[in-house]
Structure formats: structure tokens, C-alpha cells
Amino acid sequence: MGKRVALVLAGCGVFDGSEIHEASAALVHLSRGGAEVKIFAPDIEQRDVVNHLKGSPTEENRNVLVESARLARGNIQDLAELKASEFDAVIFPGGFGVAKNLCSWAVDGKNCTVNEHVNSTLQAFHSAKKPIGLCCISPVLAAKVFPGCEVTVGQDKNIDGRFPDAETASAIAELGCKHICKNVNESHVDNANKIVTTCAFMCKAPLHEIFDGIGTMVQEVLKLA
């Protein structure tokens, strides 16, 4: 029987929701790994709505659950309904929606607050000693909720211009967590906390390398489940 995995989304689109390629990559690798997946998102308003053609905010209002349903092909549930007891693991793709909708990192950095249902979901899986997979910016959720954990968002220096958000590693360290430097096609496993992270689009890399890195994260999550 395949592992039961919950996938948590933050909207639809890199600048104000979940990063579509990351969500798709996670779903493909989960499918290949024989996992049974159910998708969730919080039923809340987005912090903002960004015109992805122009890269600028609009005056629209959108709902995170409704927008996430686009990625889930309509098969999605309110995050408030997620019960950790019904799953073997949980995975959070990245995208600015994580830093805007699932928490306030985009505005408040390390002083951010985490959405109550996101926080309770993370706490429930952690308490049950079930693995948590996170990619791109989403490892900051673990850094905020679990002081002392180990995560990666890639490198802590902007090597060859490939890691423009390398300062995120310093903010993670300031939260009392250990940042582990990894390449885009790698993931890091914090065995003590059963947290698996990979940098994905925190690195400027070819799409196939990001896809492969997410694959290593998914594989490690399924091993731990």
C-alpha cells in the first residue's frame, strides 16, 4: 500500500501563491513513488494578487483555497480539515504565497507569524513523528515553528549569482536553526525532526535540476514515512 501524503498549497502562481512547477514536480514524484495524495489549502484571502505578466500587484481579491483548486484540478480540501492521523507525511511546495499567505515572512522576515492552521498542521505531524517535506522558501515555516531544526534553502552566499536570496539562510540561523548548504539537485534530511528540505527555485538553475532536487526531497520523505 502506498504512503498517504498531504500536499499543502498557498494559491496558484509564483508571485502570490504556490510555485506551479514545484507543486507539479512534487505531485509527479509522489505519483512515481506510489503515494496516495490529497491536497489542502487554507480558506483565507491572499495577502495580494500579482499580475504575473507585469510583475505588479493588482486591486483584485482572491481566495487561497479557490486559487489552489486550479492546481489541484478541483480536488482539494480546506486545510482546517486535515487530520495528521490520516496521513503518513506532509509536503509544502514553495512560492511567494508561502511567505505571504501561509505566514508573513515576506513582510516580517524572521519576526513573522504563521497561519494557525499551517502551524497546527506542522505541529501535529511533528508530534506524531511523521515526516515533513518543504522546498524553496517553505523551509522558513519549519525554522519558525521548530527552533533548533536543520533546513536548507540552498547556499548562504550568492555563488555565481545563482542564489540571490542567500540572506534567507542568515535569517534562519537567527531563529536558532542550523542552515545546511546544499546544491539545487540535493536535499537535506534532519533525521531528529524528520524534516526534509530542498532549495528548488531559491537557486537560479535549469528546470530539470530543480525537478531532480524536489525528487530527492520526495524520496527521502517517503523513506521516512
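One-based numbering along the sequence shown.
- N101 and N115 form no side-chain donor-acceptor contact under 3.5 Å, judged by distance and modelled atom types alone.
- Taking all atoms of both residues into account, the shortest heavy-atom contact from G94 to C136 is CA-CB, 3.7 Å.
- Looking at heavy atoms from C-beta onward, K157 lies out of side-chain contact with C181 at the 4.5 angstrom threshold.
- In this structure, F92 and L102 have side chains that are in contact, with non-hydrogen atoms separated by less than 4.5 Å.
- Under the 4.5 Å side-chain criterion, counting only non-hydrogen atoms from C-beta, V151 is not in contact with L134.
- L122 and F146 make their closest contact through O-CZ, 3.4 Å (heavy atoms, listed as atom of the first residue, atom of the second, distance).
- Here the side chains of D16 and H52 are in contact, with some heavy-atom distance below 4.5 Å.
- Between E67 and V49, every side-chain heavy-atom pair lies at or beyond the 4.5 Å cut-off.
- For the side chain to side chain contact (heavy atoms under 4.5 Å, CB included) test with K182, the passing option among T197, V153, T152 is T152; the others fail.
- Atom CZ of R4 sits in a crowded spot, with more than 12 heavy atoms from other residues, nucleotides or ligands closer than 6.0 Å.
- Between A10 and V98, the shortest heavy-atom distance links the atoms CB-N, 3.7 Å.
- Linking ILVMFWY side-chain heavy atoms closer than 4.5 Å, directly or via other members, places V118 and F87 in a single hydrophobic cluster.
- At a threshold of 4.5 Å between side-chain heavy atoms, the hydrophobic network of Ile, Leu, Val, Met, Phe, Trp and Tyr places L82 and L7 in two separate groups.
- Of the possible polar contacts, one joining the E186 side chain to the N183 backbone as a donor-acceptor pair under 3.5 Å is found.
- No path of Ile, Leu, Val, Met, Phe, Trp and Tyr side chains, each step under 4.5 Å between heavy atoms, connects L79 with I39, placing them in separate hydrophobic clusters.
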Going through the checks in order, is the side-chain contact (heavy atoms from CB on, under 4.5 Å) test met by I91 and L30?
-> CA-CA 10 Å; I91 289 178; L30 285 166; 4.0 Å; yes
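- Contact check for E19 versus I210: no side-chain heavy atoms found under the 4.5 Å cut-off.
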Before giving the answer on side-chain contact (heavy atoms from CB on, under 4.5 Å), spell out for V218 and L222 the whole-Å C-alpha distance, their side-chain angles and the decisive distance to 0.1 Å.
-> CA-CA 6 Å; V218 169; L222 294 178; 4.0 Å; yes
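- A side chain to side chain contact (heavy atoms under 4.5 Å, CB included) with V196 is found for exactly one of H188, K223, M217, Q219, namely M217.
- Side-chain atoms of K194 come within 3.5 Å of backbone N or O of K129 as a donor-acceptor pair.
- By the 4.5 Å heavy-atom criterion applied to side chains, C12 and I20 are counted as neighbours.
- The cluster map of Ile, Leu, Val, Met, Phe, Trp and Tyr, joined by side-chain heavy atoms under 4.5 Å apart, puts F163 and F96 in different clusters.
- In the hydrophobic cluster analysis, where Ile, Leu, Val, Met, Phe, Trp and Tyr join through side-chain heavy atoms closer than 4.5 angstrom, L71 is grouped apart from I44.
- In plain terms, the two heavy atoms of H179 and G154 that are nearest each other are CE1-O, 3.3 Å.
- Shortest non-hydrogen contact noted between C199 and V184 is SG-CA, 3.5 Å.
- The structure places NZ of K204 at 11.0 Å from CZ of R162, a figure rounded to the nearest 0.5 Å.
- If you take NE2 on H126 and CG on N193, they are separated by 3.5 Å, rounding to the nearest 0.5 Å.
- In this structure, Q46 and V64 approach most closely via the heavy-atom pair CG-CG2, 3.7 Å.
- Checked against the 6.0 Å centroid threshold, F211 and H21 do not count as a close aromatic pair.
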